[in-house]
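Since the model is a prediction, treat every value here as computed from it, not as a measurement.
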Amino acid sequence: METTRIGAPSFHARAESWECDFNDHWSTRFHVRAFQLAAESVFAGPDGISPGGWRVRARHMRFHREVFASQAVTVRGARVRGGAMDGAIAHLLFREGELSATAINTGIDADPGTSAADLPDVAADAIPMAMPRGLAAHDGPAWPSFTRTDGTVMLGPVRSSELDHTGALTAEEITRRFAIASHDLLNSRGVTPGYSKRSRVNRMAVEFRVTLGTMPPVGTVLYGESRVLGVGGRTFTIAHRIVTRSGETVASNEQCLVAVNLDTRRAVEVPDFLREALSQELSERNQKR
């Protein structure tokens, strides 16, 4: 099947210039928003009202091509048949006809009779580009009990402006907090704006998995914790969780990132200093087990 014919349209958008990040492309935060709005659109009931963002409890995303400012975005949705993801909802995001990113929604809590029942089916083996790859060998870490330390990232309170129409913290605001935790982790290990400007090397996400936990009420102060999961030749994997002061996990995240030359937009070897720092951290934690 031709990729652009898989599924049915589930969302349309465009990449605004203010939605592009320091790598000059559409940020993960707004990819997530597009996938979330697509999911809510297909889960709308007979009254046409979205059931809210927390009906999708887990989402696995892969990024294939960059989206740049002003490019048109189309998302198409389908129900997966066969394989480990049987019954999940897949969304494919295109930038002007080219596949840019994919998302598979699992842990779905949707009422019968929603428009998701009208989605076309797609065989799992027809969308290998959406299936877990770099994160397939990395389950979420077993986090210890939350204790505020010097390494804890302060993420501030949940504001009412960050909630959807059901009172739930939106997917893009969760992603924004993951991005802050990720930036803190890598910035403290030398991948600073100054380094990227001098070397023209930075990182980009190629795979991104989010699992929701406890919904925080407005006003809840949130904290972030990060961990290293693995280091490869051109990629490395890290994990984050967002927690409340009482230790409840709001959401967890695993990311597979690739080192990229910003001029060629191609993958390069993970810088030696970063590889050494991440490897040492991973080794020290393994020794403590």
Side-chain angles (χ1 to χ4, degrees), residues 1-21 25-80 85 87-111 113-122 126-127 129-131 162-166 168-176 178-179 205 207-210 212:
M1 181 185 296
E2 186 179 327
T3 305
T4 55
R5 297 173 63 86
I6 292 174
S10 51
F11 186 66
H12 293 83
R14 67 178 184 183
E16 306 287 357
S17 58
W18 62 268
E19 296 172 342
C20 294
D21 61 18
H25 61 196
W26 213 32
S27 76
T28 302
R29 175 183 176 187
F30 296 104
H31 279 82
V32 169
R33 184 184 63 180
F35 284 130
Q36 179 63 44
L37 294 177
E40 291 187 47
S41 295
V42 302
F43 288 143
D47 58 2
I49 303 298
S50 155
W54 283 55
R55 289 300 182 95
V56 175
R57 305 295 301 175
R59 176 175 288 121
H60 185 281
M61 290 167 283
R62 286 181 60 185
F63 302 94
H64 306 282
R65 292 182 180 89
E66 297 174 87
V67 177
F68 299 101
S70 83
Q71 288 191 310
V73 170
T74 300
V75 184
R76 298 179 68 88
R79 187 178 297 277
V80 181
M85 296 290 186
I89 303 297
H91 291 277
L92 281 60
L93 187 149
F94 299 87
R95 56 160 207 195
E96 300 181 351
E98 292 185 301
L99 183 67
S100 175
T102 58
I104 295 183
N105 298 329
T106 57
I108 298 167
D109 175 19
D111 296 327
T114 68
S115 53
D118 299 327
L119 286 177
D121 289 344
V122 61
I127 51 171
M129 64 287 195
M131 297 301 165
E162 299 175 325
L163 308 181
D164 68 12
H165 61 288
T166 68
L169 185 62
T170 62
E172 61 263 33
E173 288 298 335
I174 293 172
T175 305
R176 182 177 67 84
F178 283 138
E207 206 161 352
F208 197 89
R209 181 168 58 206
V210 176
L212 298 183

Practice item. Just say parallel, tilted or perpendicular for the rings of Phe68 and His25, cut-offs at 30° and 60°. Key: tilted

Practice item. Using the six-membered ring wherever Trp is involved, compare the ring planes of Phe30 and Trp18 and label them parallel, tilted or perpendicular (cut-offs 30° and 60°). Key: perpendicular

Point to revise | Within-4.5 Å side-chain heavy-atom neighbours: Met61 and Val32 | key: yes

Check your understanding: So do His64 and Thr102 actually touch side chain to side chain, heavy atoms under 4.5 Å?
Key -> yes

Practice item. Give a yes or no on whether the backbone of Arg29 and the side-chain of Arg176 come within a donor-acceptor separation of less than 3.5 Å. Key: no

Point to revise | Short side-chain to backbone donor-acceptor contact, Ser10 and Val75, under 3.5 Å | key: yes

Rounded to the nearest 0.5 Å, how far apart are [atom1] of [X] and [atom2] of [Y]?
X      : Y      : atom1 : atom2 : answer
Ile89  : Thr106 : CD1   : OG1   : 11.0 Å
Arg33  : Glu19  : CZ    : CD    : 4.5 Å
Phe208 : Arg59  : CZ    : CZ    : 10.5 Å

Heavy-atom closest contact ([X] atom, [Y] atom, distance):
X     : Y      : result
Ala78 : Gly7   : CB-CA, 3.8 Å
Ser41 : Leu37  : OG-O, 2.8 Å
Ala39 : Asn105 : CB-ND2, 3.6 Å

Revision key, fill the gap. Side chain to side chain contact (heavy atoms under 4.5 Å, CB included) filter on Ala13, not counting sequence neighbours, yields Phe11, Val73

